[in-house]
Amino acid sequence: MAQMTLTEKILAKHAGVPSVEPGQNIWIDVDILMTHDVCGPGTIGVFKKNFGPKAKVWDLNKVVIIPDHYIFTADRMANRNVDILREFVKEQNLPYFYDVGTDKYKGVCHIALPEEGHTRPGEVLLGTDSHTCTAGAFGEFATGIGNTDAGFVMGCGKLWLKVPPTMRFFFEGELPPYLMAKDLILAVIGDIGCDGATYQAMEFDGPGVFSLNIEERMTLCNMVIEAGGKNGVIAPDQTTFDFINSRNKSKLPYTPVYTDPGAKFCFEKSYKVGELQPVVAKPHSPDNKAFARELKGTKIDRAYIGSCTGGKITDFKAAAALLNGHTVKVDTFVVPATTEVARGLKTEKINGKTLEQVFLDAGAKIGEASCAACLGGPSDTFGRLNQPIRCISTTNRNYPGRMGHKEAEVFLASPLTVAASAMTGTITDPREFLS
Amino acid sequence: MSKIQDFFQGKAYVLGDNIDTDQIIPAQYLTYNPAIPEEYKQFGKYALSSVPQAQAGLPKGHIPFHTDDEFVSPYKFIVAGKNFGCGSSREHAPVALDAAGIQVVIAQFYARIFFRNVVNGGYLVPFETGDRLCEKICTGDELRLETAATRLINLTTQEVFLLKPLGEVAPILQAGGIFPYARSMGMLKS
């Protein structure tokens, strides 16, 4: 039997064949299809147009609908789109819908999916959002698709995919306290470029990866798309199983999959974690790499801590550890990814103070769980860059116009670097505050 | 219905590298639903509206994508550099180009999800080129493409370029997208 990478093995199993090779086009069975308020209405339109107005989704328990993008806005069209989701869920009787204004509301889909037990090792997850690749952190194949593909999957549970060759990134050593997963992935993207992994799988390996908690692993996989990657993946270990088993409400069985010894990688790169430094991606591309130190003194107008890649409890704990007892010098926006994270801000403590209290005392503003200003959105979106200002952000993209105004400048960095920069009003290496 | 024609002819609008989906259709306009025909049209109006002015319509830049008609652009071709369509999975991006009247994109290569969306949705015809044509063709040049021969003629300069064949996605584009293709292959009941 051919030696395969983790990604190839999952795809072979879901195509019902003993083995696959990179470049091969295959039809695979999908385990979970996720959509949200921005792409859901278009997906539902494609589904109905092609399968008929009375068609039913292929499997009720495999379609997950998570409104998260344009939630806390007065925009009528945005609210109309959530209504389209509601109507569809009712008509189809879908059990997994995390509706706005109810106790079930979650926030950002990529964090909501694992929190609610929709991610499992060895599975195939497709979602109408490019950051669906986040779920590779659980040892599964996860990638983003468009409305047409999603409408197709919705009706028949299958999709054609090209098997990607796998790139392997090996991290030696454990992270020092001034580095976070965001620094690792920004370093990788800076090195290979924002097209460096186009059509390829990115597998993360080594002690530097396996010493990360599950949230940090999600940050790593979240941004493979910023290098053009099809999926990012980390082999499951006890950290993965502990998390999955505590969340797998449906108790669905799963089969962990691992890369075979001798499997072929199309590219290999190794990093000594101890030699890396806090990284910042300058405007207007995630691969425009600089070290935080090199940008020392660069004035900023705003700091933003939030999104699927930078709005988890680990991110806020890191930021709060620096901000505790200090005040911010620029407008600082804190946006929890999900309602569970928002609750965590009220319960998790640093030196006896809740994270929420630390942020409020520092002078930051806290928003409600959603994608918020990460992708701009309607003009009344919390934290949106409505002016051509300069922002340092824990989010994942800084293309022109991404956070609102097309002449605004966005610098991407870890929550530690963003917090340190908020405290000084200039881009600051967090080592200046970590002795 | 397939968007592949034997010939394409029209003006080129030239862009650079890494034109991402936020530049193609900014997120604030994603509230329109492409499944509703009157709203589909709106995407044409805002297509390419976040491309920085200096990079809009190369080599000079500062060339508006729309002129007389606010919804439909006078250009039929987009010629771009590397990694066209990178960023988000929003199918609103190829929708916006289609709604604006773009029939063919010629880039060095595409970001994966954008390419899938173009092909599976059957919105337009995505050609790849070994040449860096975004530095050889100017915005406003009149182009003619002979599809089967993948021969691109710049009628303004009389230069001729050979594009890469469409390859394995050609049957899906010929069929008009993944649904008609899957039906023709017996994967879906019609």
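First the proteins, then the strands, lettered A, B, ... as listed; each starts at 1.
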Part of A/D195 within contact of chain B (heavy atom distance under 4.5 Å): both
When rounded to the nearest 0.5 Å, the distance separating CD of A/E226 from CG of B/D20 is 10.0 Å
Which portion of B/P34 sits near chain A, non-hydrogen atoms under 4.5 angstrom: side chain
Below 4.5 Å, heavy-atom pairs only: which of A/C39, A/G151, A/P41, A/G52 has the largest tally toward chain B? A/P41
With a 4.5 angstrom heavy-atom cut-off, which part of A/R76 approaches chain B: side chain, backbone, both or neither? neither
Within a radius of less than 6.0 Å around NZ of B/K60, do more than 12 heavy atoms belonging to other residues, nucleotides or ligands occur? no
Okay, B/Y29 and chain A: the region with an atom under 4.5 Å from a heavy atom over there is neither
Going by side chain to side chain contact (heavy atoms under 4.5 Å, CB included), B/E91 matches just one of A/N147, A/I145, A/D149. Which one? A/N147
Donor on one side chain, acceptor on other, A/S379 and B/Q28, under 3.5 Å: no
Test side chain to side chain contact (heavy atoms under 4.5 Å, CB included) on B/C86 and A/Y399; report intermediate values, then the result. CA-CA 10 Å; B/C86 59; A/Y399 295 114; 3.6 Å; yes
Using a strict threshold of under 4.0 Å (side-chain N to carboxylate O), is an ion pair present between B/D22 and A/R397? no
Can you tell which part of A/I84 gets under 4.5 Å to a heavy atom of chain B, answering side chain, backbone, both or neither? side chain
Let me know if B/I172 has heavy atoms under 4.5 Å from chain A in its side chain, its backbone, both or neither. side chain
If you tally heavy-atom pairs under 4.5 Å against chain A, which of B/N33, B/T21, B/N117 wins? B/N33
Non-hydrogen atoms of chain B under 4.5 Å away: do they reach the side chain of A/W160, the backbone, both or neither? both
Distance in Å, B/S89 OG paired with A/L126 CG, rounded so as to fall on 0.5 Å steps: 11.0 Å
So what's closer than 4.5 Å to chain B heavy atoms on A/Y70: side chain, backbone, both or neither? side chain
